[in-house]
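Below, read A as the first sequence line, B as the second, and so on, with proteins coming before strands; counting in each chain starts at 1.
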Amino acid sequence: MLKSISSSDDHLISLIVSSTGKLHLRQIHAVLLRTSLIRNSDVFHHFLSRLSLSLIPRDINYSCRVFSQRSNPTLSHSNTMIRAFSLSKNPIEGFRLFRALRRNSSLPPNPLSSSFALKCCIKSGDLLGGLQIHGKIYSDGFLSDSLLLTTLMDLYSACENSNDACKVFDEIPQRDIVSWNVLVSCYLRNKRTRDVLVLFDKMKNEVDDCVKPDGVTCLLALQACANLGALDFGKQVHAFIDENRFGNALNLSNTLVSMYSRCGSMDKAYEVFNRMDERNVVSWTAMISGLAINGFGKEAIEAFNEMLKFGISPEEQTFTGLLSACSHSRLVDEGMMFFDRMRSGEFKIKPNLHHYGCIVDLLGRARQLDKAYSLIKSMEMKPDSTIWRTLLGACRVHGYVELGERVISHIIELKAEEAGDYVLLLNTYSSVGKWEKVTELRSLMKEKRIQTKPGWSAIELQGTVHEFIVDDVSHPRMEEIYKKLAEINQQLKIAGYVVEFTSELHNLDSEEEKGHALTYHSEKLAIAFGILVTPPGTTIRVTKNLRTCVDCHNFAKFVSDVYDRVVIVRDRSRFHHFENGSCSCNDFW
DNA sequence: TTAGGGTTAG
């Protein structure tokens with residue numbers, strides 16, 4: 001085929017554009033050199049462009065060699081090279097090339113160069129470089145270029161500066177659906193989850209077709225719903241997807257599976273999963289991870305085995321889901337077996353921090369804390385604070401004081417300590433009655449001015465999310481809620497519920513104060529509100545930012561029995577399904 | 001000489 005290359009450039013270019021794989025590109029390169037067609041600017045441009053788009057990142061060297069052999073690169077050649085760097089593992093080089101281009105007055109960069117250079121800054125997290133480009137956009141008079149401004153928005157979004165991203169959005173002269181989607185993705189990335197939902201609604205009700213949500217908008221909105229646990233809103237997005245026939249896209253179906261399972265609705269997740277015409281490794285991983293966080297460990301393992309039967313190879317993330325399923329359901333032997341299989345010749349996957357985290361959690365729950373500690377010590381990469389924190393949690397549960405002290409020193413060493421870590425250590429001390437240590441640590445916390453992160457709980461009713469914090473008085477129906485809570489407390493006491501003072505949470509100064517705060521933890525307010533406003537028998541779904549404390553866990557158990565309700569609480573790491581006075585989880589031994 | 005470029009699943 002290559003021999004048939006004639007002097008017809010069109011034919012040649014279409015051949016280049018459709019070429020795939022390194023071998024194929026090398027063959028083409030050889031022919032281009034032999035025939036001197038490489039000198040043709042257009043041919044060269046397309047060849048370089050193909051190289052940078054189709055080769056894996058580390059082969060940037062090939063593109064570099066080809067580029068450096070060109071004696072008089074045009075602007076479009078340089079732009080292609082900047083793009084190649086932006087896709088590579090060395091994006092800083094792309095920014096350098098852009099600056100070199102600026103210094104060379106014969107080839108002033110155009111908006112496209114700035115756009116690719118911004119991509120480089122986004123990839124390397126270089127806000128300073130991005131700011132320089134922003135300044136030049138003003139001086140170069142590129143402010144009317146909507147596409148360039150959209151990339152600029154993405155820079156601020158990636159650098160956690162959503163306010164400036166919004167300012168740029170306001171300046172875009174012609175906003176299309178992509179600019180709107182970048183705004184949505186900015187909110188999502190910067191944890192402005194509620195803004196995503198508000199914006200989605202706004203876009204849905206817009207008459208202008210350029211603003212109507214497309215598949216990407218829906219994808220982002222579904223992720224926001226998953227983060228918030230906003231099941232009703234997620235269902236609305238699902239309905240919108242069906243109405244607009246985006247439904248068959250694999251990425252949307254996969255996100256729906258993930259959204260439903262992360263909102264605690266496995267029935268709906270299965271429904272979507274079973275209806276899919278085509279499933280890839282992402283679909284199976286979403287299902288396995290969903291089963292894992294909902295505490296269905298055995299089912300997750302079954303799904304994994306079924307996936308293998310379909311001939312689909314697991315990836316890193318699949319094992320993260322599978323191992324976390326084992327740890328949440330305390331399937332210690334199975335978890336260790338899968339960890340070994342993952343590393344063996346069968347799958348040849350090198351464990352990452354997430355995998356180690358799952359195994360540390362698994363061993364921690366099985367009271368094998370020394371083994372967990374040695375595993376962390378044996379890791380080839382540096383342990384992060386989350387790994388240590390997992391072990392610290394296990395120390396708290398099993399009352400391992402000395403190990404707990406050692407672990408927190410590692411966290412402090414990483415300069416990553418959070419208030420919650422001190423609270424865990426505090427609770428470790430108090431669980432074994434080391435009161436003098438408790439006092440000592442409390443004064444240290446005061447000295448260091450450590451403030452605990454306020455806990456919040458959210459409950460969604462007909463698409464509106466109601467949020468509560470500890471001792472919240474801001475809700476318009478607060479009086480009724482507190483009255484209801486008092487009534488619930490009374491009912492539960494009759495059934496045998498006792499407030500637990502000694503364990504969990506918050507660096508409060510006196511037992512008295514502690515008991516008070518326990519009575520009004522945010523999840524209790526949310527549950528009371530749920531009972532107040534929903535008809536009997538309705539499932540109550542609460543999402544919480546921290547881990548549920550033992551007392552609230554008990555409270556929910558009693559509520560599910562006394563009020564005959566299914567209560568589903570999603571805390572920081574998993575779901576608790578309360579029914580008939582018991583919980584599906586193994587978290588509180 | 002022109003076109004090229006921005007968002008996106010586990």
Side-chain angles (χ1 to χ4, degrees), chain A residues 9 13 17 41-42 45-46 48-50 52-53 74-83 86-87 109-120 122 142 145-158 165 168-169 172 174-189 196 199 203 213-224 226 241 246 249-262 269 272-273 276 278-293 300 303-304 307 312 314-322 324 354:
Chain A
D9 288 353
I13 286 168
V17 168
S41 169
D42 222 10
H45 170 80
H46 281 98
L48 188 63
S49 176
R50 196 66 217 152
S52 67
L53 288 178
T74 64
L75 183 60
S76 75
H77 301 154
S78 301
N79 284 352
T80 307
M81 203 54 221
I82 300 174
R83 175 173 63 174
S86 81
L87 298 169
N110 60 9
L112 197 64
S113 335
S114 309
S115 185
F116 290 143
L118 274 172
K119 281 271 189 190
C120 293
I122 292 170
F142 295 156
D145 193 310
S146 297
L147 269 69
L148 178 56
L149 293 191
T150 308
T151 319
L152 185 61
M153 266 183 85
D154 206 37
L155 167 90
Y156 286 118
S157 161
V168 176
F169 179 77
I172 297 178
Q174 280 183 310
R175 292 189 280 258
D176 62 4
I177 187 62
V178 181
S179 357
W180 284 90
N181 284 344
V182 175
L183 184 63
V184 177
S185 111
C186 169
Y187 286 157
L188 185 70
R189 221 176 347 194
V196 174
L199 190 57
M203 290 167 72
D214 66 355
V216 176
T217 329
C218 293
L219 209 63
L220 297 165
L222 287 175
Q223 289 180 61
I241 290 169
F246 303 144
L250 194 55
N251 56 358
L252 273 173
S253 300
N254 290 342
T255 312
L256 278 169
V257 170
S258 170
M259 182 277 290
Y260 279 125
S261 53
R262 288 177 62 199
V272 176
F273 185 78
M276 288 167 71
E278 186 200 346
R279 295 181 198 105
N280 62 6
V281 62
V282 179
S283 333
W284 286 96
T285 303
M287 205 62 220
I288 292 166
S289 312
L291 289 164
I293 48 168
F304 178 77
M307 182 190 85
I312 291 174
E315 290 178 352
E316 278 186 17
Q317 293 95 322
T318 322
F319 276 103
T320 308
L322 185 64
S324 82
H354 296 287

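- Rounded to whole Å, atom P of B:dT8 lies 9 Å from atom CG of A:L188.
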Under 3.5 Å between N/O atoms: give me all the protein pairs with nucleotides 1-4 of chain B, atom names plus distance.
{"residue": "B:dG4", "atom": "O6", "partner": "A:N110", "partner atom": "ND2", "Å": "3.3"}

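- In this structure, the nucleotide among B:dA9, B:dG6, B:dT8 sitting nearest to the side chain of A:S179 is B:dG6.
- If you check every strand for non-hydrogen atoms under 4.0 Å, A:T217 touches nothing.
- Per the geometry, CG belonging to A:L155 stands 12 Å off P belonging to B:dT7, to the nearest Å.
- The side chain to side chain contact (heavy atoms under 4.5 Å, CB included) test with A:T255 singles out one residue from A:I241, A:V272, A:L222, A:V282, and that residue is A:L222.
- The distance from atom CG of A:L183 to atom P of B:dT8 is 13 Å, rounded to the nearest whole Å.
- Regarding A:F142, its CZ atom lies at a distance of 17 Å from the P atom of B:dG6, rounded to whole Å.
- B:dG6 atom C1' lies 16 Å from atom CH2 of A:W180, rounded to whole Å.
- When rounded to the nearest whole Å, the span between CD1 of A:I172 and P of B:dT7 equals 13 Å.
- With hydrogens and angles left out, the side-chain atoms of A:S179 and A:D176 include a donor and acceptor closer than 3.5 Å.
- A:T74 and A:H77 share a donor-acceptor pair across their side chains, judged by distance under 3.5 Å alone.
- Taking only side-chain atoms of A:N280, from C-beta outward, the nucleotide of B:dG5, B:dA9, B:dT7 with the closest atom is B:dA9.
- In this structure, the CD1 atom of A:I177 is 20 Å from the P atom of B:dG5, given to the nearest Å.
- Between B:dT8, B:dT7, B:dG5, one nucleotide has an atom nearer to the side chain of A:D145 than all others, and that is B:dG5.
- The side chain to side chain contact (heavy atoms under 4.5 Å, CB included) test applied to A:A292 returns A:S324, A:A325, not counting sequence neighbours.
- Among the protein residues, A:D214 comes within range of no part of the nucleic acid, since none of its heavy atoms lies under 4.0 Å from any strand.
- Between the base of B:dA9 and the side chain of A:N251 there is no donor-acceptor pair shorter than 3.5 Å.
- The side chain of A:L147 sits closest to B:dG5 out of B:dA9, B:dT7, B:dG5.
- In this model, a donor atom of one side chain and an acceptor atom of the other lie less than 3.5 Å apart for A:S113 and A:N110.
- Here the straight-line distance linking atom OG of A:S78 with atom CZ of A:F116 works out to 11.5 Å at 0.5 Å rounding.
- A:Q223 comes within 4.0 angstrom of sugar-phosphate atoms only, judged by non-hydrogen atoms across all strands, and of no base.
- A:S283 comes within 4.0 angstrom of nothing in the nucleic acid, heavy atoms only.
- Note on A:V182: only backbone sugar-phosphate atoms sit closer than 4.0 angstrom, heavy atoms only; bases stay farther off.
- Nucleic acid contact for A:T255: sugar-phosphate only, since backbone atoms but no base atoms lie under 4.0 Å from a heavy atom of the residue.
- Taking the salt bridge (charged side-chain N to carboxylate O under 4.0 Å, His left out) definition, one finds that A:R279 meets it with nothing, sequence neighbours left out.
- Of the candidates B:dG6, B:dT7, B:dA9, B:dT7 carries the atom nearest the A:V216 side chain, counting heavy atoms from C-beta on.
- Here B:dT7 presents its P atom at 13 Å from CG of A:L152, a figure rounded to the nearest Å.
- Considering A:L112, A:L75, A:L53, A:L48 in turn, A:L48 is the only one that fulfils the side chain to side chain contact (heavy atoms under 4.5 Å, CB included) rule with A:T80.
- As judged by a 4.0 angstrom heavy-atom cut-off over every strand, A:V281 is placed among the base-contacting residues.
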